[in-house]
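These notes concern the structure reproduced below.
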2 protein chains.
Amino acid sequence: MMRIAVDAMGADNGVTPIVCGVLESLKQREFSVFLVGDENLIKPCLDSQSASATILQRIEIVHTQDFIKMTESASTANKRKDTSIYQAIGFVKNSEAQACVSAGHSGATMSLATLQIGRINGVSRPAICTCMPTITSNPSVILDAGANTDCKPEYLVDFAIMGYHYARNVLGYSAPRIGLLSNGEEDSKGNELTKQTFQLLKEYSFFRGNVEGSDIFNGSVDVIVCDGFMGNLVLKASEGVASSINTILKQEIKKSFLSILGSLLAKSAFKSLKLKIDYAEYGGAPLLGVKKPVIISHGKSNARAMECAIYQALDACDSKICETITEVFADSKISATKI
Amino acid sequence: MMRIAVDAMGADNGVTPIVCGVLESLKQREFSVFLVGDENLIKPCLDSQSASATILQRIEIVHTQDFIKMTESASTANKRKDTSIYQAIGFVKNSEAQACVSAGHSGATMSLATLQIGRINGVSRPAICTCMPTITSNPSVILDAGANTDCKPEYLVDFAIMGYHYARNVLGYSAPRIGLLSNGEEDSKGNELTKQTFQLLKEYSFFRGNVEGSDIFNGSVDVIVCDGFMGNLVLKASEGVASSINTILKQEIKKSFLSILGSLLAKSAFKSLKLKIDYAEYGGAPLLGVKKPVIISHGKSNARAMECAIYQALDACDSKICETITEVFADSKISATKI
C-alpha cells in the first residue's frame with residue numbers, strides 16, 4: 001500500500017485542516033499516512049473527528065518536537081533534524097513513504113527536498129508547478145510558480161520539459177502545448193531573459209511561442225513557463241483580482257433587497273464558480289525536478305485543499321512523473337528535443 | 001480654452017468609439033479638440049451622431065493621409081510625418097494643443113512623445129502609469145505598465161517619484177504610499193532588480209516596502225512600482241482573471257432558470273461591479289516623464305474609455321503634473337528625497 005508522509009505543522013491555521021484533509025482523503029482512496037508533528041496537538045484533533053477504526057489504523061502519528069515557523073529563515077532547515085518537515089522528507093528519502101505533502105514553510109520544504117531527496121540529474125533547478133483554472137474544462141499549468149527568483153534561459157527550458165511531462169503523465173493531456181510568458185504574443189516581444197529563452201525553446205515541437213498574462217486562464221496553451229518571480233507575481237495578482245471581485249460583488253449585492261434575493265436564487269451558479277476558481281480544488285503544487293514527489297501546499301490551506309494535495313501526491317506516484325523526468329533528463333538535451 | 005489633440009486612427013474598432021467619446025466629453029467639459037485622422041472616415045461618422053452646433057464648433061478635423069497600423073513596427077514612426085499620431089503629437093509639441101490622446105499604436109505614441117515632445121530633464125525613462133480598481137473607494141496606480149521592458153534600479157526610483165506626484169496632484173491623495181512589486185512583503189524578498197531598487201527606495205519617506213501582486217487591488221498602498229515587463233504581465237493576468245470569472249459565471253448562470261432569474265434581480269449589483277472593475281472607467285494611461293501630457297488608451301477602447309481618457313488629459317493639464325515632475329527632477333535627487 002502506498003504511503004504518504006504528511007507534515008502536520010507550520011500551516012497558518014494549525015493542525016486541524018491538515019488532520020481533516022488527511023481523514024477525508026483516506027476515506028476516498030486506498031493508502032496510508034505518516035502524520036508528522038507534535039503528537040500533543042495531532043492526537044486530540046484526530047480523536048475529536050470520530051473517524052472509523054479502519055481509517056485510523058492507516059494513520060501513524062510520528063511525533064516531532066520542533067517545526068519551522070513561517071517567520072523563520074529556511075537556511076537552518078537542513079540542520080534542525082527534529083523538525084516535522086525534516087522527518088517527513090526523511091521518510092521519502094529512505095523510501096518508507098512514496099511522497100511528501102507540506103503546508104508549512106515552503107522554502108524549508110524546497111530546500112530539504114533538494115538537499116535530502118536530491119535533484120534529478122540534468123535538471124538545472126527544481127520548479128514549483130501550479131494548476132490554474134481556465135474557461136475551458138482543462139486547467140493549465142504554470143511553472144515556475146516561485147522556487148527560483150532569478151533564472152537563466154536554460155532553467156526555463158528545463159521547466160518547459162518538466163511541465164510538458166507533468167501535463168501528459170499527471171493531467172493526461174495527449175499533446176501538451178507550451179507557452180512562454182511574455183509581454184506580447186509576437187516572437188520579438190519579451191525581456192532579455194524571455195527573448196533568449198524563446199531562441200532555445202523554438203527548437204522544441206511542443207513550443208507554441210509567447211503567451212500573455214491573460215492566456216493563463218483562456219486555455220490557449222496547457223503549460224506556461226516563466227521564472228519564479230514572475231510566476232509568483234502573476235499568481236498572487238490573480239488571487240487578488242478574484243478575491244477583490246468577490247468582495248466588491250458582496251458589497252454591491254448587500255445594497256438592495258432585490259440583489260440579495262437574486263444572489264440567493266443564483267446561489268448554485270456562484271457555488272460552481274467558486275468550485276472552479278477555488279485554489280483549494282487544485283490542492284498543492286508539486287516541486288518538479290526532485291527525485292520523489294513533494295507537494296507544496298498553501299500555508300492557508302483548508303481541509304479540502306489538503307485533501308486535494310494528497311490526491312496530487314498519489315497521482316504523482318501513480319503516474320510515475322519523477323521516473324519519467326529522470327529518464328528524459330538522463331538522455332542528452334538533444335533527445336529531449338525529439339519529444 | 002484648453003485644446004486636446006485626439007488621434008482618431010489606428011484603434012481596434014475604427015473611428016466611431018473615438019468620435020463618440022470626443023462628443024460626449026465635449027458635452028461634459030469646456031475645451032476644444034483637434035480630431036486628427038482620415039477626414040473621409042471622421043466626417044461621415046461625426047455627421048451621423050447629430051451633435052449640436054455648439055459642440056461641433058469646438059471640433060477641428062485635421063486631415064492626415066497616413067496612420068500607423070497595430071501590426072506595424074514603431075521604428076518608422078518618427079519618419080512618417082503625415083501619420084495621425086505624428087500630427088497629433090506635433091500640435092502638443094508646438095503648443096497648439098495642451099495634451100494628446102491616442103488609442104492607436106502605443107509604441108509609436110511613446111516613441112513620438114519622447115522624440116518630439118521630449119523627456120523631462122533628469123527622468124531616466126518615461127513610464128506608463130495605469131489606474132487600477134481596489135476594494136476601497138480609491139484606485140491604485142501601477143507604473144511602469146509597459147513602456148520599459150528591461151529596467152535598471154534607478155529607473156524604478158524615478159517611476160516611484162513620478163507616481164507619487166501623480167497620485168498627489170491628479171488623484172488628490174494627500175500622502176501617497178509607494179510599494180515595490182515583489183514576491184513577498186519581507187524586506188529580503190525580491191529578484192536582483194527589486195532588491196537593488198529596495199535599497200535605493202528605502203531612503204524615501206513615501207516608501208512602504210515590498211508589496212505583492214494582490215496588494216494592487218486591496219488598497220494597502222497607492223502606487224505600485226515595477227518594471228514594464230512585470231507591469232504588463234500583472235495587468236494582463238488581472239484582465240484575464242476578471243474576464244474569465246465573468247465568462248464562467250455567465251456559463252453557470254445559464255444552467256438553471258433560478259440562476260437566470262437571480263442574476264436579473266441582482267442586475268444592479270453586477271452593473272456596479274462592472275462599473276468598478278471596467279477598464280473603460282479608468283480611461284487611458286498617462287505616459288509620465290515627457291514634457292506634456294500624453295494619454296495612451298487601450299486599442300480596444302470603447303466610447304466611454306475614450307471619454308475618460310480625454311478627462312485624464314484635461315486633469316493632467318489642470319493639475320500641472322508635467323510641470324511638477326519637471327520641477328522635482330530639476331532639483332538634484334537629494335532634494336527629491338525630501339518629499
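Just so we're clear, the structure is a prediction, and the values are computed from it rather than from any experiment. Chain letters run A, B, ... following the sequence lines, proteins first and then strands; every chain starts at 1.
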Point-to-point distance, once rounded to the nearest 0.5 Å, from CG of A:Asp215 to NZ of B:Lys236:
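Nearest 0.5 Å value for the CG-NZ distance: 9.5 Å.
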Calculate, to the nearest 0.5 Å, the distance between atoms OG1 and CG belonging to A:Thr149 and B:Asn183 respectively.
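One finds 4.5 Å between OG1 of A:Thr149 and CG of B:Asn183.
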Quick one: does any side-chain atom of B:Asp150 pair with a main-chain N or O of A:Asn191 as donor and acceptor, under 3.5 Å?
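Side chain of B:Asp150 to backbone of A:Asn191, a donor-acceptor pair under 3.5 Å: no, none is there.
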Of all of A:Gly146, A:Gly184, A:Ser182, which one pairs up most often with chain B through heavy atoms under 4.5 Å apart?
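Top option by heavy-atom pairs under 4.5 Å: A:Ser182.
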Option in A:Asn232, A:Leu235, A:Asn218 with maximal non-hydrogen atom pairs under 4.5 Å from chain B
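Max contact count across the listed options: A:Asn232.
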Choice from B:Ser238, B:Gly240, B:Ala237, B:Ser243 maximising heavy atom contacts with chain A below 4.5 Å
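Looking at each of B:Ser238, B:Gly240, B:Ala237, B:Ser243 in turn, B:Ala237 comes out on top.
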Is there side-chain contact between B:Phe229 and A:Leu193, with at least one heavy-atom pair below 4.5 Å?
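A side-chain contact is absent here, since even the closest heavy-atom pair is not under 4.5 Å.
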Would a 4.5 Å heavy-atom cut-off, applied to side chains only, mark B:Leu233 and A:Leu233 as touching?
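No - every pair of side-chain heavy atoms lies 4.5 Å or more apart.
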